[in-house]
Amino acid sequence: MRAEVHQVADGTYLVHGNNVNWVILKDGDAVTLVDTGYPGDRQGVLESLAEVGSSPEAVAAVLITHAHNDHLGSAEYLRAGYGTPVYLHPAEVPHARREFLQQASIGDVARNLWRPGVLPWAVHVIRAGGTDHNPVTAPEPFPNEGPLDLPGRPVPVHTPGHTDGHCVYHLPEAGIVISGDALVSGHATSRVKGPQILPDFFHHERARVVASLELVGALDGDTLLPGHGPVHRGPVRAAAEQARDRASWKTRTGP
């Protein structure tokens, strides 16, 4: 599958890979790459960089929202091959090294195969390298607090729950929030479209995911670039409230 590159603002691109997204922030010749898809998305990552007039050599840093294989895919490839630093929240650094794994297990998936879309999604995950052992050898915590001195000037915001060190990235001047898996607009295993959290079995701590929606909603912006699903236009606060309402409704009614 060829990666689809969508320009959402000056120097900002949302890229759709194999059921997952990554973001390119471009400033002159340099770029910041936020997430890197599945291991099987590597060619798509390289092609998307070329499509925006960049290259692996021009990637100033890789920022990871969280260290699941569908977001960590080519991080070690870029680090080892091009010397690209890979930055995460400090709590996520050992996760990226695979000192532990906060990710849906084979058992979790098996128990949810009755849900619409889960079986074809699971087959896709295996084909895309989602079950590979794919650590980053030398991930690094963010080098400073506040805006990072990288293309796009992204501001990491800690939003724990999906994993302990999950972060979203805020682009205040552009009014954009890169939300990773804290808030998505769709997923292959979801029957609804629009702002939502992922199905429960994907989260390390669902209650913290819901609580972190308040942190996402407090960010000033009108464009949401999720880890899964299309770009969402409209106030980020309203998107977070809609996701929280849907999560609350599911808690009251069950699966």
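What you are looking at is a predicted structure, and each value in this text was computed from that prediction instead of being measured. Position 1 is the first residue of the sequence; numbering continues from there.
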Exam field: side chain His124 to backbone Asn18, donor-acceptor pair closer than 3.5 Å = yes
Would you find more than 12 non-hydrogen atoms of other residues, nucleotides or ligands less than 6.0 Å from Glu173 atom CD?
-> no
Report yes or no: is the cationic atom of Arg111 (NZ for Lys, CZ for Arg) closer than 6.0 Å to the six-membered ring centre of Phe201, at no more than 45° off its axis?
-> no
Expected output: side-chain Ser185 to main-chain Pro230 donor-acceptor under 3.5 Å = yes
Single-linkage hydrophobic cluster, 4.5 Å side-chain cutoff, Tyr38 and Leu46 together | no
Assess whether side chain to side chain contact (heavy atoms under 4.5 Å, CB included) is satisfied between Arg208 and His203, documenting all intermediate values.
-> CA-CA 9 Å; Arg208 295 181 81 191; His203 303 304; over 6 Å; no
Any chance you could lay out the side chain to side chain contact (heavy atoms under 4.5 Å, CB included) test for Val52 and Gln7, step after step, and finish with the verdict?
-> CA-CA 9 Å; Val52 304; Gln7 184 169 5; over 6 Å; no
Going from NZ on Lys26 to CG on Leu33, what distance comes out if it is rounded to the nearest 0.5 angstrom?
-> 13.5 Å
Go through the steps for Val109 and Trp121 under the test side chain to side chain contact (heavy atoms under 4.5 Å, CB included), then give the verdict.
-> CA-CA 10 Å; Val109 174; Trp121 168 83; 4.0 Å; yes
Taking the side chain as every heavy atom from C-beta outward, state whether Val15 and Trp22 have any pair of such atoms under 4.5 Å apart.
-> yes
Is any side-chain heavy atom of Cys167 less than 4.5 Å from a side-chain heavy atom of Leu88?
-> no
So, Arg206 side chain and Ala247 main chain: donor-acceptor pair closer than 3.5 Å or not?
-> yes
Could you check if a side-chain atom of Val20 sits within less than 4.5 angstrom of a side-chain atom of His228, using non-hydrogen atoms only?
-> yes
Common cluster, Val216/Val209, ILVMFWY with side-chain heavy-atom separation under 4.5 Å = yes
So which heavy atom on Ala9 is nearest to which on Ile176, and how close?
-> CB-CD1, 3.9 Å
More than 12 heavy atoms of other residues, nucleotides or ligands under 6.0 Å from CD1 of Ile106: is that the case?
-> no
Should Ile24 and Val8 be counted in the same cluster of Ile, Leu, Val, Met, Phe, Trp and Tyr side chains packed under 4.5 Å apart?
-> no
Nearest-0.5 Å distance, CD1 of residue Ile197 to NE2 of residue His187 = 12.5 Å
Exam field: side chain Arg98 to backbone His95, donor-acceptor pair closer than 3.5 Å | yes
Derivation of the side chain to side chain contact (heavy atoms under 4.5 Å, CB included) call for Arg233 and Asp222 = CA-CA 6 Å; Arg233 304 281 189 180; Asp222 57 11; 5.9 Å; no
Measuring from Glu57:CD to Leu78:CG, what's the distance to the nearest 0.5 Å?
-> 10.0 Å
Without swapping roles, check the side chain of Gln196 against the backbone of Gly194 for a donor-acceptor pair under 3.5 Å.
-> yes
Is the closest side-chain heavy-atom distance between Val34 and Pro154 below 4.5 Å?
-> no
Out of curiosity, does Leu198 fall in the hydrophobic cluster containing Leu213 (side-chain heavy atoms, cut-off under 4.5 Å, transitive links)?
-> no
Heavy-atom pair with the smallest gap, counting every atom of Tyr87 and Pro141 = CD2-O, 3.5 Å
Do the side chain of Asn69 and the main chain of Asp132 share a donor and acceptor less than 3.5 angstrom apart?
-> yes
For the side chain of Glu76 and the backbone of Thr137, is there at least one donor-acceptor N/O pair under 3.5 Å apart?
-> yes
Taking Ser212 for the side chain and Pro160 for the main chain, is one N or O donor matched with an acceptor at less than 3.5 Å?
-> yes
Would a distance-only check, ignoring hydrogens and angles, find a side-chain to backbone donor-acceptor pair under 3.5 Å from His166 to Gly161?
-> no
Begin from the C-alpha positions of Thr163 and His204 and carry the test side-chain hydrogen bond (donor to acceptor under 3.5 Å, both in side chains) through to its verdict.
-> CA-CA 5 Å; Thr163 65; His204 181 58; over 6 Å; no
Do you know which two heavy atoms are closest between Thr36 and Ser74, and how far apart they sit?
-> OG1-N, 2.8 Å
Can you measure from NE2 (His170) to OG (Ser179) and round to the nearest 0.5 angstrom?
-> 12.0 Å
Sorted by chain and residue number, the salt bridge (charged side-chain N to carboxylate O under 4.0 Å, His left out) partners of Arg237 (sequence neighbours excluded) come out as none
Counting only N and O atoms by type, is there a donor-acceptor contact under 3.5 Å from the side chain of Thr32 to the main-chain atoms of Pro151?
-> yes
Report yes if some heavy atom in the side chain of Gln103 is under 4.5 Å from a heavy atom in the side chain of Asp108; otherwise report no.
-> no
Which heavy-atom pair separates Arg191 from Pro116 by the least distance, and what is that distance?
-> CD-CG, 3.8 Å
Is there side-chain contact between Phe202 and Asp181, with heavy atoms separated by less than 4.5 Å?
-> no
If you round to the nearest 0.5 Å, how far is CG of Asp70 from CG of Asn19?
-> 9.5 Å
Shortest non-hydrogen contact from Leu14 to Pro226?
-> CD1-O, 4.1 Å
Can the ring centres of His162 and His68 be said to be less than 6.0 Å apart?
-> yes
Can you measure from OG (Ser54) to CG (Leu25) and round to the nearest 0.5 angstrom?
-> 11.0 Å
Neighbour count above 12 (heavy atom, 6.0 Å) for Asn144 CG = yes
What heavy-atom pair brings Val136 and Arg79 nearest, and what distance separates the two atoms?
-> CG1-CD, 4.1 Å
Kindly work out whether a path of hydrophobic side-chain contacts (I/L/V/M/F/W/Y, heavy atoms less than 4.5 Å apart) joins Tyr77 to Leu49.
-> yes
Would you say Glu92 and Ile64 make side-chain contact, with heavy atoms under 4.5 Å?
-> no
Could you check Leu63, Leu225, Leu224 and say which one makes a side chain to side chain contact (heavy atoms under 4.5 Å, CB included) with Ile178?
-> Leu225
Sub-4.5 Å side-chain heavy-atom contact between Val93 and Glu140 = no
